[in-house]
Amino acid sequence: VDRQRWVDMLVGACVGACVGASVASGLLLLLLAEDWLPSVRRRAQRPLEPEPEPQPSKTLQLVLVLHRHGARYPKKALACDLNWPTDEGFWAAHSAEQSADGTLQLHGLGGKLRARYGSWLHEGVARCDMANAVRVLSTNTQRTLNSAWALLGALLPGVPRYIRFPTLDRPDVDWASVERRLAGSGETMGVAIEVESGGTLFHPQKQTVPIDGYDRNEACLASPELKTMAEDPDVQSAADELYAVTGLASLAPSLSSSLAAERVIAMKRLATQLEINSAHGMPRFPTAQPSSALSPDVVRAVQRAGDVVWRHRYRPVQGAHTGGRRLRDGAASAAAGELGRKIAGLIHEKQSGVAEKLKLVELSGHTGNLLALAALLGVEVSPPCFAGHWLFELHSSELGSVADWTVRAFYIPDPTQMSKEDYVDGLTPRRLPLDGKYVPYEECAVDTSLCGLTPAKQLIDYLLALVD
């Protein structure tokens with residue numbers, strides 16, 4: 001009798017004793033152990049059956065994802081916040097870098113995209129040809145590159161990825177020839193993460209200065225909501241509390257009404273700090289001062305101030321929620337015009353057959369890119385959380401006419417709070433107004449019959465007209 005048989009027999013006897021069986025039943029289990037336990041072991045060693053994947057619509061032709069990066073470190077030290085060091089060397093090396101938690105957020109988003117599109121994305125595409133099916137564009141920052149890398153790892157497990165500067169990096173290399181040689185040995189370069197270098201796709205110009213005469217600070221100060229906050233004693237009391245905790249000069253009390261409004265704008269920095277701390281599971285705002293915990297009212301005031309400041313980065317104030325604000329009065333075209341042109345071009349190339357094999361495009365960017373695109377499309381959205389994104393699906397017509405192709409648009413501000421099931425089955429597309437006026441995203445028509453579908457040709461013409 002071999003050693004493994006004795007082990008199986010002993011375990012069988014113990015099982016009988018543990019369940020309170022009689023001696024007779026224990027002996028019976030002992031006799032059956034030789035046949036029973038090995039069969040259980042074999043079943044346990046069988047590979048799990050893969051979960052059935054959802055079948056995307058047969059009309060789906062192209063998916064575009066424009067996402068914010070994952071959770072990051074702050075840009076600089078805030079001396080009173082004990083969550084982060086004050087060492088200058090740390091900030092010189094790691095300012096605004098994406099953290100491991102942020103990388104996991106984008107890996108999670110990649111998993112959700114795989115759950116929604118995986119079977120369709122791989123259908124008819126060999127591993128060595130995935131570079132023609134998936135394209136990735138990113139800004140040249142650690143947080144956006146890491147985000148693109150992490151998302152691809154979950155979306156296309158087993159497919160390599162690499163970083164390349166298309167206009168600068170080895171322009172003499174015939175990449176198609178390299179791919180063919182690698183295919184001979186069963187290898188592939190995989191999917192390139194194309195990095196913007198001095199381009200205008202993600203960073204048309206420094207957003208700290210007025211864009212085409214549009215001054216974001218003036219727009220914030222003209223906001224009726226910000227004026228209301230500046231005149232609200234509770235908000236000013238919250239700013240007083242923040243000043244006492246942080247010592248930031250921009251939050252110092254003032255009798256000037258204009259400076260009171262500036263205080264509200266200054267609270268935006270604290271909104272970002274609170275978001276970063278929360279995303280990492282840290283205490284909200286720990287300080288060395290006794291009884292310095294921020295009250296819920298202060299936190300709400302900070303978050304509200306952050307929303308107001310972000311809301312007017314690219315959108316004008318006049319005629320708020322009355323349909324009176326028009327794109328031409330803001331900075332949307334200057335800030336996201338090239339991004340809109342790129343999206344229009346990708347849709348057109350897919351329709352015309354130029355990019356016949358292309359199935360998915362990932363655009364890895366920043367909060368401003370998502371909000372600028374929203375402003376360009378004429379919709380008002382809340383600022384995206386980490387990994388928040390725009391999702392566009394291009395669908396062909398069952399009638400066969402390219403003129404009847406449509407786009408389904410989704411804005412998902414916080415995918416980290418969604419399950420894979422909700423991401424696959426719970427998203428509702430909205431019809432983009434495309435009339436040059438702003439409307440809250442929640443008021444855009446939903447997809448009931450054809451009402452929630454945006455004609456692809458209309459979207460292309462609209463985006464190109466804004467740039468030209």
Side-chain angles (χ1 to χ4, degrees), residues 63-76 93-103 105-107 109-110 113 134-153 155 161-169 191-209 211 216 272 275-276 279 310 313-314 331-346 360-377 381 383-392 411-413 415 463 467:
V63 174
L64 295 99
V65 186
L66 169 65
H67 63 76
R68 185 189 180 191
H69 53 77
R72 61 167 177 84
Y73 299 148
K75 291 184 178 181
K76 56 184 178 180
H94 305 295
S95 172
E97 279 192 355
Q98 180 163 293
S99 67
D101 288 341
T103 298
Q105 288 176 328
L106 268 296
H107 190 271
L109 176 55
L113 289 168
V134 177
R135 188 177 178 191
V136 183
L137 306 173
S138 173
T139 70
N140 189 19
T141 66
Q142 180 267 359
R143 56 190 181 275
T144 51
L145 289 172
N146 272 16
S147 293
W149 191 278
L151 187 149
L152 281 178
L155 177 64
R161 59 268 201 214
Y162 64 104
I163 296 172
R164 185 162 70 93
F165 289 74
T167 58
L168 303 174
D169 201 8
V191 177
I193 299 175
E194 301 176 25
V195 185
E196 178 188 43
S197 178
T200 59
L201 182 62
F202 294 101
H203 295 106
Q205 51 186 289
K206 291 293 183 180
Q207 297 175 5
T208 55
V209 298
I211 302 176
R216 64 174 61 174
T272 301
E275 179 191 21
I276 291 172
W310 274 119
R313 290 266 167 155
Y314 314 102
S333 295
E338 289 302 319
L339 187 57
R341 183 198 294 272
K342 171 62 71 174
I343 292 172
L346 290 166
L360 184 142
V361 179
E362 176 193 359
L363 300 159
S364 184
H366 306 269
T367 302
N369 298 127
L370 274 71
L371 294 178
L373 181 63
L376 191 73
L377 296 172
V381 298
C385 300
F386 293 119
H389 57 283
W390 277 102
L391 179 65
F392 301 96
Y411 179 67
I412 302 116
L463 291 174
V467 177

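When all heavy atoms of H67 and L370 are compared, the pair lying nearest together is C-CD1, 3.8 Å. Considering every non-hydrogen atom in both L201 and E338, the closest pair reads CD1-O, 3.6 Å. Y314 and A375 get closest at one heavy-atom pair: CB-CB, 4.0 Å. Smallest separation of non-hydrogen atoms from V381 and Y411: CB-CE2, 3.5 Å. For the pair L376 and S333, the tightest heavy-atom approach, listed with the atom from each and the gap, is CD1-CA, 3.8 Å.
With sequence neighbours excluded, the residues that form a side chain to side chain contact (heavy atoms under 4.5 Å, CB included) with P74 are W84, W91, Q273, I276. Residues satisfying the ring-ring contact (aromatic ring centres under 6.0 Å, His included) criterion with F392, sequence neighbours excluded, are W390. Every residue two or more places apart in sequence or in another chain that forms a side chain to side chain contact (heavy atoms under 4.5 Å, CB included) with W149 is listed here: R161, I163, I193. Remark: H366 engages T139 in a side chain to side chain donor-acceptor pair (under 3.5 Å) (not counting sequence neighbours). In this structure, Q142 has no side chain to side chain donor-acceptor pair (under 3.5 Å) partners at least two apart in sequence or on a different chain. In this structure F165 satisfies the ring-ring contact (aromatic ring centres under 6.0 Å, His included) test with no other residue, sequence neighbours excluded. In this structure, the side chain to side chain donor-acceptor pair (under 3.5 Å) partners of S147, at least two apart in sequence or on a different chain, are Q98. When the side chain to side chain contact (heavy atoms under 4.5 Å, CB included) test is applied to A71, the partners found at least two apart in sequence or on another chain are S99, Q105, A279, H280, F386.
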Could you walk me through whether V134 and L152 satisfy the side-chain contact (heavy atoms from CB on, under 4.5 Å) test, starting with their C-alpha distance in whole Å, then the side-chain angles of each, then the deciding distance to 0.1 Å, before giving a yes or no?
CA-CA 9 Å; V134 177; L152 281 178; 4.1 Å; yes
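The one candidate from V191, V63, L64, V136 that meets the side-chain contact (heavy atoms from CB on, under 4.5 Å) condition with L360 is V63. With T144 as the partner, the side chain to side chain donor-acceptor pair (under 3.5 Å) test is satisfied by one option alone out of N146, N140, T141: T141.
Put simply, CH2 on W310 and OG1 on T367 are 4.5 Å apart, with the number rounded to the nearest 0.5 Å. In this structure, OG in S364 is found 8.5 Å from NE2 in H69, a value given to the nearest 0.5 Å. Here NZ of K342 is found 14.0 Å from CG of L373. Values are rounded to the nearest 0.5 Å. For the atom pair F202 CZ and L66 CG, the distance stands at 6.5 Å (nearest 0.5 Å). With rounding to the nearest 0.5 angstrom, the CG atom of L106 is 7.5 Å from the CD atom of E362. Atom CG of residue L155 and atom CG of residue L109 lie 9.0 Å apart, to the nearest 0.5 angstrom.
Judged by distance alone, the side chain of D169 and the main-chain N or O of R164 form no donor-acceptor pair under 3.5 Å.
Identified under the salt bridge (charged side-chain N to carboxylate O under 4.0 Å, His left out) test for residues 135-152, with sequence neighbours left out: R135-E194.
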